[in-house]
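Below: the structure, in structure tokens.
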Amino acid sequence: MATLPSTYRAVVCHEYGQPLALDTRPIPAAEPGTAIVKVLSTLVDPSEKHRLLLSKRNPYFSQQPPFIPGSGAVGRVAALGKDATSLQVGQLVLLDCFVRGRDDPNAQILRGVFEGPTPAAKKLSHQPENCYPLDEKVLLSKVEQGGLEYGISDLPYLSKHSVAYGGLRSIDLKAGQTIIITPATGNHGGAAVQVASAMGARVIAVGRNAKALQDLKEKIPRVYPVQLTGDFAEDTKTLSQFGTIDAFMDFTPSSMASPLHLKACLAVTKTYGQGVLMGFPQGEISLSYGMMLAKNINIRARYMYDAEDVRGLIKLAERGLLKLGHSSGAQVVSYTLDQYGDAISRAAEQQTWGLQVIMHPFTE
Ligand SMILES: NC(=O)c1ccc[n+]([C@@H]2O[C@H](COP(=O)([O-])OP(=O)(O)OC[C@H]3O[C@@H](n4cnc5c(N)ncnc54)[C@H](OP(=O)(O)O)[C@@H]3O)[C@@H](O)[C@H]2O)c1
């Protein structure tokens, strides 16, 4: 086993609202219950929300600086605590940013964003709960050797897909069903369109940006783009053309007070249909109590996902059902750690699904 270097470099937030810095830090020892991972590729989060979260301390979503911002990465295990049972040094892993306590679901953290309000949640920041093995032979080998021939930069977007898969599993979406996703053109909405299609569903992709919707249709199978107006009667009529609608999924962003299309989604969803709320609008929702009751509609909210969802999602990708990176039709652009400023600017340029900006802190 190669000896670990004594230091690593990382882009660090020292103070909210201040520029990030490229620091050299000591590599910690692999204590029991932890793993040291050499990060090969990481997604530069494109969302406006992520930048806002770094611009000033948010009372709910923040952590004590200094910290390394980010939202998921792919790397190789470089060292393991003595008690490690299944992970191996050298193994390719997905580092997931979200951790929920096994024995306390109230303890949850988003590593790189939010360390959780309680001492129990803070403890989770130091455990390897979020290392998921990836089948390197399948994902990275050449097609002629039976692999999917992905590059290391194609893999970190799995962190966005996980959110979508958590929501779709929570409503038990099945192959052949029809789901409305709104808005479908953002990073999480677009990832949800990909995952729902990979699960075998027909997807009605709702949005306002005709070009972005067309892009989803051209690149992802079974996608039907729809531009809605926000007018209940008109939108209901448009969605009714698709026949039976089994479910809807909402990803309304925090820039909006409330979802635009939820009432129309509810109106067209079948009896015993399902809805899942996954956005973060600032305001409240108002829906017809009578309609939900009369149709036995089950509406739930879903924050992130469970470990089982991540494992299931990885299988969907390893079996070739969920296409990743270039193969999914997305544009993947790579930067070194020294180019972190350019990478962040590039990610900010495009808020729609289809661009994956990746940084490579280490190379093999
Ligand atoms: N449940 C969870 O665990 C979870 C996890 C991650 C994120 N989220 C939340 O999910 C939401 C979406 O995240 P994201 O990363 O997909 O955001 P994003 O990439 O910024 O996308 C925003 C989407 O909202 C649409 N939109 C923005 N303003 C609009 C308006 N005025 N009218 C109609 N459509 C509008 C955009 O459409 P255009 O293309 O037309 O601009 C785009 O489709 C956020 O609130 C985020 O916090 C939830």
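No experiment lies behind these values; they were computed from the predicted model shown. Atoms within a ligand are numbered from 1 in the order they appear, just like the ligands themselves. Side chains included, hydrogens not; waters and symmetry mates left out as well; all remaining heavy atoms used. Throughout, residue positions are numbered sequentially from 1 according to the sequence presented.
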Basic-acidic side-chain contact under 4.0 Å: Arg311, Asp96: no

Any Lys/Arg nitrogen of Glu308 or Arg169 sitting under 4.0 Å from an Asp/Glu carboxylate oxygen of the other? no

Give the contacting part of Asn187 toward ligand 1: side chain, backbone, both or neither, where contact means a heavy-atom distance below 4.0 Å. both

Using a 4.0 Å heavy-atom cut-off, say whether Thr185 meets ligand 1 through its side chain, its backbone, both or neither. both

Mark up the atoms of ligand 1 that fall under 4.0 Å of a heavy atom belonging to Met304, in ascending order. 2 (C), 3 (O), 5 (C)

Could you work out, for atom 26 (N) of ligand 1, the closest of Met278, Arg208, Lys211, Gln351 by heavy-atom distance? Arg208

Just to be sure I'm reading this right: ignoring hydrogens, which of His188, Lys160, Met256 gets closest to atom 15 (O) of ligand 1? Compare them by their nearest heavy atoms. His188

Can a non-hydrogen atom of Pro253 be found less than 4.0 Å from any atom of ligand 1? yes

Taking a cutoff of less than 4.0 Å between a non-hydrogen atom of the residue and any ligand atom, is Ala212 in contact with ligand 1? no

Indicate yes or no for a side-chain donor-acceptor contact from Arg222 to the backbone of Val203 under 3.5 Å, with no hydrogens or angles considered. no

Between the side chain of Asp309 and the main-chain N/O of Asp306, is any donor-acceptor distance below 3.5 Å? yes

Not counting sequence neighbours, which residues clear side-chain contact (heavy atoms from CB on, under 4.5 Å) with Phe362? List them please. Tyr8, Lys38, Leu40

Donor-acceptor pairs under 3.5 Å, side chain of residues 267-276 to any protein atom, not counting sequence neighbours: which ones?
residue: Thr269; atom: OG1; partner: Cys265; partner atom: O; Å: 2.6
residue: Lys270; atom: NZ; partner: Asp246; partner atom: OD1; Å: 2.8
residue: Gln274; atom: OE1; partner: Asn298; partner atom: ND2; Å: 3.3

